[in-house]
Enquirer: 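Below are the structure tokens for one structure; questions will follow.
Values below: all heavy atoms of this structure, side chains included; hydrogens, waters and symmetry mates excluded. Counting convention: from 1, in listed order, for ligands and their atoms alike.
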Amino acid sequence: MELGKAARDIGAVSTLDGEPWRAAHGQPGSRSAGAMSEGEAALLEALRESAGAVTARTLAGVLGVTPRTVQRRLRSLRRRGCCILNVPGHGYRLAAEPLGLSLERVAARTGAHSIGRSYHYYGRIGSTNAEAKSLAVSGAPHGTVVVAEEQTAGRGRLGRAWVSPPGKSLLFSVLLRPTVRMADAHLLTVVAACAVAEAIESMTDLIVAIRWPNDLVIGKKKVAGILTEVAGDQDAVEWAVIGIGINVNVDDEDWSSTLRTTATSLKAAGGKTIDRTELLVRVLLRLETRCQAALAHGFEPALGDLRRRDCLRGRDIAIQTKDGPVRGRAVGVDDDGALLIRLPGGLIRRFLAGDVTLAV
Ligand code: BTN
């Protein structure tokens, strides 16, 4: 089998993903650690040490910088996930620091399994999918995981951008070398979607639905997306990269006004900050279990779960095809993972891929 002969996106396309990453976040492909600058670290330390709120002027005096520099560094710390309250008349108070990802903790829990036996961790990277694909081509083993705190060129479906503020999401890609027919490769997305939904529900009181086949939604808003890319030949998958983006502790004000109407996070939906390390562990362990089950017994259990979580069923939708939009009512998902749509005349058509929107 020829390696990497054809790499392509699989499956359907969401309508809720975002806007291009802004240049200020660095160049695509950058591997800098995205580490805090000395100035930011000093300000964070000063905030930690102050008993209550402290003014920008006082902080400036302590740090030997201008109040304007303090303001700029406060903004950076907030972008990194620090919750810094502005107490009117008193100044700034550090209310919470971001829960940093601990790859040591993840590796300790997943090291004995095939998924998660090897990690590549980046503070900042272009795209974890791009990196995982390059590792795949260089022969990296099944189960390799690429994780980043920040992506400068995060990718969604159909060439769309995937935008996440640094340090508040889970952005990772898992390299699989599964024994799967190419015709079934899109079902790996379903397996991954179910694993993510289960992991989220195991840590929160939230109910996660799947918008066929790769969007995870809470209420009407998207909380996670999956981008599966594969290479192989017509018969078999050589490797698959499952890219997963979960909006974990993103606050409403972190989104652009456009994304705010369509995207949510676990924290915004559930009102609690989530331990990203624990969530990553749970997703990887469930992905392992579900992949093994699918490879041994087929995709029916995952499809059953997708059907239970299907939020399109019974809804009037439009699906974009190369010949233009097709409108009708979503009536379920068949055994190949295809979306079934009842057309206005009553005929049922099946779609293996497409960009779905709800009819208004
Ligand atoms: C979608 O909903 O369109 C899929 C989004 C997938 C985003 C994740 S984030 C980690 C991985 N790296 C990427 O560049 N994309 C995926």
Enquirer: Using a heavy-atom cut-off of under 4.0 Å, does the side chain or the backbone of Asn214 touch ligand 1, or both, or neither?
Expert: side chain
Enquirer: I'd like to know if the side chain of Glu288 pairs up with that of Ser114 as donor and acceptor (distance under 3.5 Å, no hydrogens or angles considered).
Expert: yes
Enquirer: With heavy atoms of Gly154 as the reference, note each atom of ligand 1 found under 4.0 Å away.
Expert: 14 (O)
Enquirer: Would you kindly specify which portion of Ala148 sits under 4.0 Å from ligand 1, judged on non-hydrogen atoms: side chain, backbone, both or neither?
Expert: neither
Enquirer: At a 4.0 Å threshold, what atoms of ligand 1 neighbour a non-hydrogen atom of Arg155?
Expert: 5 (C), 6 (C), 7 (C), 13 (C), 14 (O), 15 (N), 16 (C)
Enquirer: Taking the basic N atoms (NZ, or NE/NH1/NH2) and the acidic carboxylate oxygens, is any pair closer than 4.0 Å for Arg307 and Asp310?
Expert: no
Enquirer: Do you know which two heavy atoms are closest between Arg276 and Lys168, and how far apart they sit?
Expert: CD-C, 3.9 Å
Enquirer: For residues Asn249 and Thr273, is any side-chain donor paired with an opposing acceptor at under 3.5 Å?
Expert: no
Enquirer: Any nitrogen or oxygen of Ser127 lying under 3.5 Å from a nitrogen or oxygen in ligand 1? Just yes or no.
Expert: yes
Enquirer: With no hydrogens and no angle check, just 3.5 Å: does a side-chain donor-acceptor pair link Gln151 and Tyr122?
Expert: no
Enquirer: Thr128 heavy atoms, cut-off 4.0 Å: which ligand 1 atoms fall inside?
Expert: 10 (C), 11 (C), 12 (N)
Enquirer: Any chance the side chains of Ser102 and Thr277 put a donor and an acceptor closer than 3.5 Å?
Expert: no
Enquirer: Rounded to the nearest 0.5 Å, what separation is found between the CD atom of Gln71 and the OG1 atom of Thr66?
Expert: 9.5 Å
Enquirer: Could you name the option among Lys222, Glu229, Arg157 that has the heavy atom nearest to atom 2 (O) of ligand 1?
Expert: Lys222
Enquirer: For Gly225, take its heavy atoms, then give the atoms of ligand 1 lying under 4.0 Å from any of them.
Expert: 2 (O), 4 (C), 5 (C), 6 (C)
Enquirer: Could you tell me, atom by atom, which parts of ligand 1 come under 4.0 Å of a heavy atom of Gly156?
Expert: 1 (C), 3 (O), 4 (C), 5 (C)
